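Only one structure is covered here, and it is reproduced in the block below.
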Amino acid sequence: MQQGWLSNWLVKQDVAHRSLGFDHRGIETLQIKAGDWDSIAVILYVYGYNYLRSQCAYDVAPGGSLDSVYHLTRIQIPSVFWVWRSADFQERESYDMVGIFYDNHPRLKRILMPENWIGWPIRKDYITPNFYEIPDAH
């Protein structure tokens, strides 16, 4: 059976999993052990799968396992910087505030928030930190 990039990476890291195939859009579905999920979730986040579209659970069979399904999305579209240079700051602001990744943007980095800021402040699922470290203005 053909495997996706994540399956191939998990094989190299010796993480037990099973590929359940691909959906109609070519997205691979994996079955992993619950104990490995937290580390795999971090890996997926780092690789740009930074939006949890949905989560659900189901009972496989009477007396069988209970499964949890996570539908992650990598919010990514092509940059139009090469068509309109004025898209530079606008795409960077969208990345900074909402977390949309623009492929082939030459300088995709935060423009309003500090580089070390965690999260995307305008998303509805954003959790406001209890504190802010405001850099010295001088």
Side-chain angles (χ1 to χ4, degrees):
M1 176 184 273
Q2 181 185 4
Q3 292 185 327
W5 72 267
L6 182 57
S7 260
N8 290 329
W9 188 87
L10 292 172
V11 167
K12 290 177 187 173
Q13 304 306 314
D14 202 28
V15 175
H17 70 286
R18 184 169 67 124
S19 178
L20 302 176
F22 295 83
D23 70 7
H24 67 283
R25 294 180 301 165
I27 297 171
E28 186 176 22
T29 302
L30 299 176
Q31 181 180 29
I32 58 171
K33 293 181 181 177
D36 294 330
W37 171 235
D38 57 346
S39 57
I40 291 172
V42 171
I43 291 163
L44 289 169
Y45 187 88
V46 167
Y47 278 97
Y49 290 84
N50 60 6
Y51 185 72
L52 175 61
R53 182 176 298 267
S54 65
Q55 185 278 330
C56 65
Y58 64 96
D59 190 353
V60 176
S65 66
L66 301 174
D67 287 353
S68 183
V69 177
Y70 291 82
H71 182 198
L72 303 171
T73 301
R74 183 175 191 190
I75 303 172
Q76 186 169 357
I77 61 172
S79 172
V80 294
F81 173 84
W82 306 107
V83 179
W84 297 288
R85 299 278 179 175
S86 61
D88 182 19
F89 289 145
Q90 295 167 33
E91 289 179 352
R92 287 174 60 190
E93 181 179 0
S94 295
Y95 163 74
D96 195 9
M97 297 286 105
V98 185
I100 297 174
F101 289 84
Y102 293 91
D103 283 338
N104 298 319
H105 190 286
R107 293 179 296 277
L108 191 61
K109 63 180 186 173
R110 292 204 180 267
I111 191 169
L112 300 171
M113 305 302 289
E115 278 296 318
N116 61 351
W117 193 265
I118 297 172
W120 318 105
I122 294 183
R123 281 194 188 173
K124 295 192 185 306
D125 62 352
Y126 180 69
I127 298 171
T128 306
N130 293 344
F131 65 92
Y132 291 95
E133 290 186 21
I134 300 175
D136 190 7
H138 301 288

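On a predicted model such as this, the values are computed, not experimentally measured, just so you know. The chain is numbered in sequence order, starting from 1.
Taking hydrophobic clusters as Ile, Leu, Val, Met, Phe, Trp and Tyr residues chained together by side-chain heavy-atom distances below 4.5 Å, Val11 does not share a cluster with Phe22. Cluster annotation: Ile27 and Tyr51 are assigned to distinct hydrophobic clusters (Ile/Leu/Val/Met/Phe/Trp/Tyr, side-chain heavy-atom contacts under 4.5 Å, transitive).
What you find for Asp59 and Ser65 is that their closest heavy atoms are OD1-O, 3.7 Å. Between Ser79 and His105, the shortest heavy-atom distance links the atoms OG-CD2, 3.7 Å. Closest non-hydrogen pair, Trp82 versus Asn104, comes out as NE1-O, 2.8 Å. Looking at every heavy atom in both residues, His17 comes nearest to Ser7 through NE2-OG, 3.1 Å.
Contact annotation: the side chain of Glu93 never approaches that of Val98 to less than 4.5 Å [non-hydrogen atoms, C-beta and beyond]. The side-chain heavy atoms of Phe81 and Val83, taken from C-beta on, include no pair separated by under 4.5 Å. Looking at heavy atoms from C-beta onward, Arg110 lies out of side-chain contact with Asn116 at the 4.5 angstrom threshold. Counting heavy atoms from C-beta on, the side chains of Val15 and Ile32 never come closer than 4.5 Å. At least one side-chain heavy atom of Trp9 sits under 4.5 Å from a side-chain heavy atom of Ile43. Residues Leu30 and Ile40 form no side-chain contact, since every pair of their non-hydrogen atoms from C-beta on lies 4.5 Å or further apart. A heavy-atom distance below 4.5 Å is not found between the side chains of Leu112 and Arg92.
Here the CD1-CD distance, from Ile111 to Glu91, works out to 11.0 Å after rounding to the nearest 0.5 Å. Expressed to the nearest 0.5 Å, how far CG of Leu10 lies from CD of Gln3 amounts to 9.0 Å. Distance check, rounded to the nearest 0.5 Å: CD of Gln31 to CZ of Arg18 gives 4.5 Å. Between the CG atom in Asp96 and the NZ atom in Lys109 there is a gap of 11.0 Å [rounded to 0.5 Å].
Tested against Tyr95, the residues Trp117, Trp120, Phe89, Tyr102 include a single ring pair (Phe, Tyr, Trp, His ring centres under 6.0 Å) partner, Trp120.
Atom CH2 of Trp84 has 12 or fewer heavy atoms from other residues, nucleotides or ligands within 6.0 Å. By the neighbour-count criterion of 12 heavy atoms within 6.0 Å, atom CD1 of Ile127 is sparsely surrounded, having that number or fewer from other residues, nucleotides or ligands.
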